[in-house]
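Whatever order the structure lists them in is the order used to number ligands and atoms, beginning at 1. Just so you know, residue 1 is the first one in the sequence shown, and it goes up from there.
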Amino acid sequence: VGEVYWTAGFWAETARLVREQTLPAMLEALNDPENGAYLGNFKAVAEGRKEFHATNWSDGDCYKFVEALTHAYGVTRDPATLELMDEIIAIMAAAQEPDGYINTQITATGRQRWVDQRNHEFYNLGHLFTAAAAHFRTTGRRNFLDVALKAAECAHGVFSSKPSALAHYEFNPSNIMGLVDLYEATGDRRLLDLAAVFVDLRGSAPGGLGDQNQDRIPLREETEAVGHAVTATYLYSGAADVYMHTGEAALLRALEAIWDDATRRKLYLTGGVGALHFGMSERSPNDTESERLWEAFGRPYQLPNASAYNETCANIGQAMWARRMLQITGEAKYADVMERVLYNAGLSAISLAGTEFTYTNPLRWHGHDHSRDGELKNDAPQRWSRFSCYCCPPQVARTYAGLHRWAYAVSEDTVWVHLYGGSNVRTELAGGIFAFEMTTDYPWDGKVVIDVTEAPAAPIEFRLRIPGWVAGATLVVNGDALPEPPAAGSYYRLRRHWQVGDRIELSIPIAVTLVQGHPRVEEIVNQAAVVRGPLVYCLEDHDLPEGVKIEEVHLAPGLPLELASSELSGARKIRGTAIRIARSEAGELYSALIGTTPEQIPVEFVPYYAWNNRGITEMSVWLPVAHLA
Ligand SMILES: [Zn+2]
């Protein structure tokens with residue numbers, strides 16, 4: 001905070017959109033008692049009214065909104081934002097009970113504390129902890145932090161002894177990350193210890209929700225990504241946070257094994273996670289109610305397109321987990337997944353206008369038919385501004401408002417470049433102050449220029465991320481090409497005594513490619529997707545020639561596809577040629593296959609993140625492949 005600022009380009013524009021459009025629209029939604037998250041609950045409790053609206057996790061979504069405001073304030077230092085936060089925080093503080101407990105759905109309804117995990121008490125508290133720690137670090141004020149610390153103290157009193165009766169209590173554990181955030185903000189070791197308690201409790205006793213809540217076996221013995229995908233990615237992120245301070249090898253081993261399963265067998269091309277709306281765990285001999293799964297990871301290679309759940313919160317959770325694994329290991333494979341989510345299944349959740357959202361993020365949508373056939377839970381044919389479950393909008397807002405904090409990392413005498421985007425950096429390393437400017441039009445163009453603007457006498461190392469999909473990156477320093485070309489999927493180490501005026505020029509070739517999936521992913525056999533650099537593209541029926549159906553469009557290797565000048569609100573299209581193989585059918589489940597002559601047709605693809613911005617649409621990421629004779 002205060003060391004990195006976006007200046008121009010893709011991420012600068014995204015952050016500006018969130019600050020100027022998303023956050024004001026979100027404030028309106030949060031003041032609507034019909035919305036799934038409602039700020040008015042805090043006021044009702046503060047005034048002693050027994051009145052409650054929205055979901056049990058509404059408080060958490062309000063805290064995420066304050067976190068998003070905090071990141072916006074960290075950039076703009078706009079006094080009106082600070083004032084708005086102060087007002088909201090004062091109302092939140094007034095809803096806190098004398099012993100520190102705060103959860104409006106419990107206080108307003110008179111329900112008992114800590115008895116029903118569906119009440120989401122820890123989900124709410126965790127988002128309070130994280131938002132308050134960020135607010136304290138950004139503003140220097142204690143008004144929010146004090147609310148969080150009192151609430152943490154209250155939870156400490158109940159959970160620090162690891163009560164076995166409450167072993168399964170936690171659900172959707174943002175509290176583990178949040179407690180580590182509070183520990184980092186205050187240095188109070190008891191907060192870190194409490195975070196570790198919640199990692200230890202996982203799977204420590206029989207019962208609970210089993211795989212749905214990652215509760216069947218102890219986390220340290222787990223090798224698979226299972227269950228509710230938000231709960232899972234929050235747990236893995238929290239455990240990674242605990243590992244960063246304890247260095248416990250068993251924890252990292254488990255996280256690496258789970259990561260492999262999640263990303264090699266259960267990750268969508270877009271970076272989405274959580275294939276299933278509903279399912280059953282197959283890991284238990286019991287065929288009981290307790291094996292039910294929802295909003296969850298599927299079996300290995302079970303990655304359906306039209307019914308993909310891919311909740312925005314889970315996709316962002318996957319990116320949060322990737323960021324932590326990257327911070328721990330410095331391995332580029334984690335940055336690749338992080339970037340994949342950020343440009344695709346994370347960003348797709350927010351409209352190009354910044355004011356409407358998605359909850360699920362499928363890879364195929366059947367237009368009007370999709371709704372006629374019955375949408376699955378939380379699907380919607382069009383983006384919305386209010387929703388019965390409002391967890392996702394503040395999740396994307398806090399992520400993209402604060403994404404500058406993800407772009408770089410520092411170690412003792414080294415600056416790691418994780419994300420490319422126009423930015424200014426000024427930071428203090430062991431050797432002294434180091435500052436530079438990055439200029440780039442990434443991801444539309446792969447040229448990245450870094451100009452050193454302030455340098456200490458001591459040598460500094462850059463570690464420049466070379467994405468795994470790159471072929472033939474080149475690096476030039478002060479006009480001289482470096483003899484050893486940077487390898488894809490690694491961090492290139494560049495150590496020098498830097499001088500003011502030194503210039504690094506990195507060229508990352510970004511070309512349109514067709515990508516295929518593992519043969520065991522049944523839903524995409526003999527299909528391909530259009531990808532350009534970190535961006536996954538999709539086909540929408542708005543861009544098809546008259547009379548052509550989306551299922552008739554085939555991709556063929558060798559046909560021209562290139563970045564077009566046309567765009568949707570800055571989202572640049574890919575234009576080129578595809579093959580049409582006409583289908584005649586009257587909607588029967590099966591019919592005779594009749595040979596037709598393939599014809600070439602013009603096509604345009606839009607970035608996946610930009611889909612569903614032009615009315616109800618038919619859309620597909622994957623298309624069948626035809627090979628030209
Ligand atoms: Zn959500």
Can Lys64 and Glu67 be counted as an ion pair, charged N to O under 4.0 angstrom?
-> no
Step through it carefully: locate the ring centre of Phe129, locate the ring centre of Tyr63, and say whether they are under 6.0 Å apart.
-> no
Does the pair Glu222/Arg202 count as a salt bridge with the N-to-O cut at 4.0 Å?
-> no
On the 0 to 90° scale, with breaks at 30° and 60°, tag the His120-Trp57 ring pair as parallel, tilted or perpendicular.
-> tilted
Atoms of type N/O/S from protein, distance to the Zn ion (ligand 1) below 2.8 Å | 4
Less than 4.0 Å between a side-chain N and a carboxylate O, is that true for Glu523 and Arg364?
-> no
Classify the angle between the aromatic ring planes of Trp384 and Phe387 as parallel (below 30°), tilted (30 to 60°) or perpendicular (above 60°).
-> parallel
